[in-house]
Amino acid sequence: VLFMLVIAGYIVVGILAWLYGDPRHVLYPRNSTGMFCGIGQNKDKPSVMYFDIIKCATATNVMAAALQGLQCPTTQVPDLYLNSFSIFPDGLVIAMVVSVLFLLLLRFTAPVLIWVLIIGVLAVGAFGIWYCYNEYMSLTTSTLTFNNVGFTTNVQVYLQVRDTWLAFLIILSIVEAILLLALIFLRTRILIAIALIQETSKALGHMMSTLFYPIVTFVLLLVCVSYWGITALYPSHTSSSFNLVYEESLRSERDLMCLCFSPQTFNTTQYPTCPSARCVFINYNTEGLFQRNLFNLQIYNVIAFLWCVNFVIALGHCTLAGAFASYYWAFSKPADIPTFPLIQSFMRALRYHVGSLAFGALILTLVQIVRIILEYLDHKFKEAQNPCTRFIMCCLKCCFYCLEKFIKFINRNAYIMIAIYGKNFCVSAMNAFSLLMRNIIRVVVLDKVTDLLLFFGKLLVVGGVGVLAFFFFSGRIQTPGTTFETAALNYYWMPIITVVFGAYLIAHGFFSVYNMGVDTLFLCFLEDLERNDGSPQKPYFMSKNLMKILNKKNKPAKTG
């Protein structure tokens, strides 16, 4: 109910901004007389003209300039610069196709790929140990120590000290030993993580629509951002005040109080005795209830915007969690999987879970508001702070950053439990946290294995598309049937950077779905282990591969 009231108030703020605001001040340039360029009678003059600052600086009539709002009535010159380039979307399509294929093929390649990555990390560590040892032995005759070097910003000097390589050698050896021990003692948990990743790929194969749900989230976020931007721009510039200015010889105290409403409607014929009268901009109107509360409305705009954005993200998490949970708890897969699991999960979230999602989003919003306030205070008092104050501010910012990360972790798992059992946010968050803490080692192993795999996937997609874009835009490869010419580009690195950034966003969108699937199936797996025992009354819902790893099996029902 509170969330709906805030939304209703947000709509009212938007209406007020539309009625009282004027976004033309932001969208169109304006000249010294207050007239807009590119619209109205200046429709054929879209470019703003800049003052000849030399003539303005040498003006002798300072009083006249001050009365005209410190505006310089000189001839003005344009300053235009145009730079355009063409960007083809084909790199972006390739990123989408490669991301989908990578996630689907993990069903078959996950075991090999993960073990190759783990062995690769160990091999890199072993090479680092060998290299550090080799450098350490090569400096046997060196007498340079840290005491001789002291403090310097030249890192190369420290690399000539023998003790530097000894420290690197000890650190790498300890890390390598920890990784080897973890690999030996956590082998079963790594196998469980691999099986869950394979199961997630299998689920995506049966529910392909889940891969494209980030488009829905993107559209909803775009609506939130657009509404926030429009609402912020409209009231940022309200009605303007103009002053009527005469020639110096005719100006009097009475004339200085004269006002004109708009330079667009101003007509010199209304002042026959003063043909040189002009309407000059003075300031923006600050009178009225709306204008006096403009700052408060902008604060409300920011708070409502953050809450709406966090709610949209929470809705996406709950929807995807519901779809993947319906897959896991289907006893006979894929026969028992719902026909449209994503649509059913989305409608169920809107019908039953809006309050829980809004509550979780509100908690995160409050923490984000505190972080914004801290950043604002740090920016305002940065020069006036002493070392102690800066230290306290740094600690506060660090603590609230960690708190925000922790709340996001709790919310994410709470939304999964909400999608599974339909309980309220607090109960779901407590149950999810307790369940994860009882299986903390499995949580860490699965999280790190998944992070390693998805990092490699993003690197593969973004790096591959980036290399392809470089060869294409630099003219080193030609696409048949295209008229694109490299010479037409002023700076070919810009389209390459744009394509790489777009490829990263696409890969991140698809991989976020996969990550949500892994987390959901993992929580379902833990619940399955604790609530079921394989009996006919409480059968396991996990895959046969997982039951094989854990030496579990469903007991057949007794006959007769």
Side-chain angles (χ1 to χ4, degrees), residues 106 110-111 114-115 117-118 178-179 181-203 317-318 320-331 360 402 405-455 512-535 538-554:
L106 284 179
I114 289 174
W115 284 115
L117 290 174
I118 292 175
I178 293 174
L179 290 177
L181 291 175
L183 184 63
I184 294 172
F185 291 103
L186 301 178
R187 177 177 173 275
T188 301
R189 290 177 172 83
I190 294 175
L191 293 176
I192 292 174
I194 294 173
L196 286 171
I197 290 172
Q198 288 180 294
E199 197 67 17
T200 304
S201 298
K202 190 185 297 184
H317 287 165
C318 189
L320 290 173
F324 283 106
S326 66
Y327 169 85
Y328 185 92
W329 297 114
F331 189 75
C402 297
K405 291 295 182 182
F406 177 73
I407 290 177
K408 285 182 177 180
F409 172 77
I410 293 296
N411 285 6
R412 181 184 180 90
N413 291 282
Y415 298 145
I416 295 174
M417 299 299 283
I418 290 171
I420 296 174
Y421 295 108
K423 296 181 180 179
N424 62 55
F425 176 84
C426 294
V427 174
S428 299
M430 182 184 64
N431 292 340
F433 185 75
S434 300
L435 182 63
L436 293 174
M437 289 301 102
R438 291 195 297 269
N439 299 272
I440 187 63
I441 298 179
R442 286 174 176 168
V443 172
V444 173
V445 172
L446 178 69
D447 184 63
K448 297 309 173 186
V449 170
T450 305
D451 288 345
L452 179 65
L453 186 63
L454 296 185
F455 172 77
S512 64
V513 174
Y514 191 84
N515 201 8
M516 192 68 193
V518 173
D519 290 344
T520 303
L521 295 185
F522 179 60
L523 280 180
C524 293
F525 165 72
L526 297 180
E527 284 285 305
D528 194 10
L529 277 179
E530 292 192 357
R531 293 179 178 271
N532 301 318
D533 55 9
S535 63
K538 296 181 178 180
Y540 290 119
F541 287 82
M542 67 185 72
S543 64
K544 294 181 179 179
N545 190 16
L546 283 170
M547 285 193 284
K548 181 179 179 181
I549 294 172
L550 297 172
N551 293 321
K552 304 284 185 180
K553 63 179 180 178
N554 285 327

(message) For a quick test of reading the model, state the closest non-hydrogen atom pair linking Ala429 to Ile410 and the distance between them.
(response) CB-CG2, 3.9 Å
(message) Suppose we screen for side chain to side chain contact (heavy atoms under 4.5 Å, CB included). Which residues come up paired with Tyr421, at least two apart in sequence or across chains?
(response) Met417, Lys423, Glu527, Arg531
(message) Testing the basics here: between Ser428 and Ala414, what is the closest heavy-atom pair and its distance to 0.1 Å?
(response) CB-O, 3.6 Å
(message) Restricting to non-hydrogen atoms, name the atom on Phe324 and the atom on Leu521 that form the minimum distance, rounded to 0.1 Å.
(response) O-CD2, 3.6 Å
(message) Other residues, nucleotides and ligands only: do more than 12 of their heavy atoms fall within 6.0 Å of CZ on Arg187?
(response) no
(message) Could you tell me if Asn545 and Ser543 have a donor-acceptor pair between their side chains, going purely by distance under 3.5 Å?
(response) no
(request) Can you see which heavy atom on Ala195 is nearest to which on Leu546, and at what distance? (result) CB-CD2, 3.5 Å
(request) Compare all side-chain heavy atoms of Ile441 with those of Leu186 and state whether any distance is below 4.5 angstrom. (result) yes
(request) Taking the side chain as every heavy atom from C-beta outward, state whether Asn413 and Phe409 have any pair of such atoms under 4.5 Å apart. (result) yes
(message) Name the residue from Phe525, Tyr328, Phe331 that meets the ring pair (Phe, Tyr, Trp, His ring centres under 6.0 Å) definition with Phe541.
(response) Phe331
(request) Tell me, with the steps shown, if Arg412 and Asn515 meet side-chain contact (heavy atoms from CB on, under 4.5 Å). (result) CA-CA 11 Å; Arg412 181 184 180 90; Asn515 201 8; 3.9 Å; yes
(message) Rounded at 0.5 Å granularity, tell me how far CD1 in Ile192 sits from CG in Leu526.
(response) 9.0 Å
(request) Just jot down the side chain to side chain contact (heavy atoms under 4.5 Å, CB included) partners of Lys552, sequence neighbours excluded, or say none. (result) Leu529, Tyr540, Met547, Leu550
(request) Mind checking the OG-CG spacing from Ser201 to Leu196? Nearest 0.5 Å is all I need. (result) 11.0 Å
(request) Test side-chain contact (heavy atoms from CB on, under 4.5 Å) on Ile114 and Leu453 and set out the steps. (result) CA-CA 7 Å; Ile114 289 174; Leu453 186 63; 4.1 Å; yes
(message) If I compare all heavy atoms of Ala325 with all of Ile420, which pair ends up nearest, and what's the gap?
(response) CB-CG1, 3.9 Å
(request) Give, for atom CD1 of Ile418 and atom CG of Asn424, the distance between the pair rounded to the nearest 0.5 Å. (result) 7.5 Å
(message) Whether the side chain of Asn431 engages the backbone of Val427 through a donor-acceptor N/O pair (distance < 3.5 Å, no angle test) should be reported.
(response) yes
(message) Evaluate Leu523 against Leu436 for side-chain contact (heavy atoms from CB on, under 4.5 Å), listing each step before the verdict.
(response) CA-CA 8 Å; Leu523 280 180; Leu436 293 174; 3.6 Å; yes
(message) Is any side-chain heavy atom of Asn411 closer than 4.5 Å to one of Phe425?
(response) yes
(request) Give, for atom OG1 of Thr200 and atom CZ of Phe522, the distance between the pair rounded to the nearest 0.5 Å. (result) 11.5 Å
(message) Please check this pair: side chain of Ser326 against backbone of Ala323, looking for a donor-acceptor N/O pair closer than 3.5 Å.
(response) yes
(request) Grab the two heavy atoms, one from Ile416 and one from Met516, that are nearest each other, plus how far apart they are. (result) CG1-CE, 3.5 Å
(request) Would you sort out whether Leu446 and Val518 count as a side-chain contact (heavy atoms from CB on, under 4.5 Å), showing the intermediate values? (result) CA-CA 9 Å; Leu446 178 69; Val518 173; 3.9 Å; yes
(message) Parallel, tilted or perpendicular: which one describes the rings of Tyr415 and His317, with boundaries at 30° and 60°?
(response) tilted
